[in-house]
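Every chain is numbered from 1 and lettered A, B, ... according to where its sequence line falls, protein lines coming before strand lines. Heavy-atom basis, side chains included; hydrogens, waters and symmetry copies ignored.
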Amino acid sequence: MYIEVILPLPLNGTFTYFVPTEMESQIMIGSLVVVGFGEYNKYHRGLVLCIEQILPSTINVEKIKPILSVESSRPAIRQSQLRFWQWISNYYLCTLGNVFKTALPSSFHMKEKQSERCKIIPQPFSKLNELQKKIFDQIVENFQKKDVCLLHKNISLGEIEIYIHLIERTLKQNRQVLYLLPEIALTRQITNHLKQFFGEQLDVYHSKVNLNKRMEIWNNLLSDKQYQIILGVHSSIFLPFKNLGLIIIDEEHDSSYKQQKIAPYYHARNAAIVLATIHNSKVILGSATPSIESFYNVQIDKYSYINSNEYLKKTKPLPIISIDVKELKRKRKMKTIFSPLLIEHMKQKLKNGEQVILFQNRRGFAPCIFCKACNWTPKCHFCDINLTYHKESDRLTCHYCGRNYLLPNKCFRCGNLNLQSIGYGTEKVEEEVQVLFPGASVARMDLDTTKVKKSLKKTISNFESGQIQILIGTQIIYKGLNINKVGLIGILDVDTLMNFPDFRAYERTYQLILQMVEKVKRQRTQGELILQTSHPNHPLIKIVLQQNYKGMYDMQIEERILFKYPPFSRLIHILLYHKREELLCKVSDKYVHLLQEKLGDRVVGHDKPIVGKIKGLYIRKILLKIEVNASSIALRKILEGIHTKILKTAGLRRVIIHYDVDPI
DNA sequence: AGCACGCCGACT
DNA sequence: GTCGGCGTGCTC
Ligand SMILES: [Zn+2]
Ligand SMILES: [Zn+2]
């Protein structure tokens, strides 16, 4: 007996192995086998894709090796999952081996915590209030017509109660539920809440859950033992569900849903919607700031829509103040990075016993230092980027490769001793706060402070208990920080957020600020937001001040139409990496040429990305804009053809090629 | 991807 | 002489 297996490698196609007679009875399609691969017979786990009694004539008999053992005779995946894998591999332009590798719980990350297993007696469901009931009924009604419903959340809605009732309804129909969240840090609260009602029926699945537990969840789902609820992050879309009835995708706008590290670079929200069609399942997308894409799908009647704001009586909007720092600088009133008004409000809030959060999405002390005489700036030797000065470690650090450098005492180019810094990160904010508010207890929360074990948890609990008065942080403050006595959030530099060179920058900025607004509104304390910007009259700032989602959408959708950006096209980034820049340019030109032959003006451009070199590899980026209704299989064939052509060309073997479909 | 083999320049 | 970077072939 011979079998074709998928191996967890970025190689196209399957590999043929021989099955010794004594193992034949254990082999089924979907079984897991252990095989030796390559000259050293490296052990790999393989998935049986098909079984043959006779050897296919295309392969040399002598090459064929026997399998070493059967790891799992029972199929490890369901038939429907294979179709899903195939879709992922075609759409996200990767091999089935890539999908196989990410889909199965791997024993790679061995550092795990013990999962606590406490018996909980399920409580009766709490009753929905009038509004929640209304929305629940509306969702159920919408599901009759459309499979996907976008729920535009509002803080006073209490959507979790609605979700709980929808879950219960689905379980009653003997169908499974997948509840997706963008980040592990957000699962804890929801777990605790859901456990109260669903007890053992709920399982949590993500990479911090220990491997045994993950295997147990996988096997339980395979053996039809119970109908259950899975709460998890992106990877849980690969679990062997038998019969999904509902997928809840909460915070659907969050870009963490997009896998960035290894192929397949899938978007879990979009993939989950495809998974839902395979299962004939319903989908709820929840967000207070829906993504442009999802809201557009509402406009074209693909998704149904419920705006909870329409059901609620108008509450007083949270005060947001914008401060014109350009004007203040001109009048020389910006003595620090804080405007006088911000300082005034901070003093007031602290006097009231309230807390203050200062947001600056940049860690370190200064993002760039330069020579006053000749403008020289220290750069990373391996990356094309300025080094960030970190005062605490007194080093220059590259944020792309992590290398540290000693601080130069003079300019390397002209020897001048006068080195200055421009811009500011959280460390500098912290320092200035300590000068301005000498008595206050101040903490900083960024990648550098949270790298230390348990320090994130400690800072969070110290802040929540009120011991910390002023918290300075990067985006990390979104991770599981509950606030209840915050009187003021100051966004110190809205301009860098807005001016980020990406067509989604305005959408992101809006979402980031309005998510803060939602956080502040959730608490009893009346809070406010202060935005420091140089463009107080910018349309986006005005829209943010009005807290006008539709305004943001209208403004953005116009731009998307004009420049044919998503949702009016599909973007694909082809990223080329190589050590030598000249060679890379040549490949890039050739690649573009070959692409243009087949795809014409869908090849929009190729250039150096903002950071043109990372970890010693130069980078070129080719941008494709593809029609939304184009066949991904046809496209895959074209790209595959060009890919092999390039790699077969003499001298270009070592070029690394990555496809990023629907890049974020 | 990851490994071995073989080629060529450069360094003790 | 030999070490190491780099191109190439190959994995059932
Ligand atoms: Zn200089
Ligand atoms: Zn670097």
Protein-nucleic acid N or O pairs under 3.5 Å, nucleotides 6-10 of chain B:
none

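Each side chain to side chain donor-acceptor pair (under 3.5 Å) pair with one or both residues in residues 13-34 of chain A, not counting sequence neighbours, appears once here: A/Glu4-A/Thr14, A/Glu4-A/Thr16. Identified under the salt bridge (Lys or Arg N to Asp or Glu O under 4.0 Å) test for residues 648-662 of chain A, with sequence neighbours left out: A/Lys258-A/Asp660. Under the salt bridge (Lys or Arg N to Asp or Glu O under 4.0 Å) criterion, the residue pairs touching residues 624-639 of chain A are A/Arg602-A/Glu627, A/Arg636-A/Glu640, with sequence neighbours excluded.
Near-neighbour residues of DNA chain C inside residues 574-595 of chain A, defined by a heavy atom below 4.0 Å, number-ordered: A/Lys579, A/Arg580. Less than 4.0 Å separates DNA chain C from at least one heavy atom of each of the following residues of residues 60-75 of chain A: A/Lys63, A/Ile64, A/Lys65. In the region residues 3-15 of chain A, proximity to DNA chain B at under 4.0 angstrom, judged on heavy atoms, holds for A/Pro10, A/Leu11. Listed in residue order, the members of residues 647-664 of chain A having a heavy atom less than 4.0 Å from DNA chain C are A/Ala650, A/Gly651, A/Arg653, A/Arg654.
Note: A/Phe100 and A/Trp85 have tilted aromatic rings, judged against thresholds of 30 and 60 degrees for the angle between ring planes.
In terms of the side-chain hydrogen bond (donor to acceptor under 3.5 Å, both in side chains) criterion, A/Arg362 has no residue partners (sequence neighbours excluded). Looking at residues two or more places apart in sequence or on another chain, you find no side-chain contact (heavy atoms from CB on, under 4.5 Å) involving A/Thr644. Scored by the side-chain hydrogen bond (donor to acceptor under 3.5 Å, both in side chains) test, A/Gln511 finds A/Glu507 as partners (sequence neighbours excluded).
Base engagement by A/Phe37 is indicated by at least one non-hydrogen atom pair under 4.0 Å involving a base atom.
The side-chain tip of A/Arg403 points at the ring of A/Phe382 from less than 6.0 angstrom away and within 45° of straight on.
Taking CG from A/Leu49 and CG from A/Leu82, the interatomic distance works out to 5.5 Å, rounded to the nearest 0.5 Å.
In this structure, A/Phe370 has its ring center at least 6.0 angstrom away from the ring center of A/Trp376. The six-membered or imidazole ring of A/Tyr265 lies away from that of A/Tyr92, with a centre-to-centre distance of 6.0 Å or more. For an aromatic pair to be called close, the ring centres must be under 6.0 Å apart, and A/Tyr257 with A/His234 fails this. Taking the six-membered ring where the residue is Trp, the centroids of A/Tyr405 and A/His381 are separated by under 6.0 Å.
By the 4.0 Å N-to-carboxylate-O rule, A/Arg214 lies too far from A/Asp203 to be salt-bridged with it. Under the 4.0 Å criterion applied to side-chain N and carboxylate O atoms, A/Arg504 and A/Glu293 are assigned as salt-bridge partners.
Atom CD1 of A/Ile633 sits in a sparse spot, with 12 or fewer heavy atoms from other residues, nucleotides or ligands closer than 6.0 Å. Within a 6.0 Å sphere centred on NZ of A/Lys586, other residues, nucleotides and ligands contribute 12 heavy atoms or fewer.
Where DNA chain C meets chain A (any atom under 4.0 Å from a heavy atom), the bounding nucleotides read 5' to 3' are C/dC6 to C/dC12.
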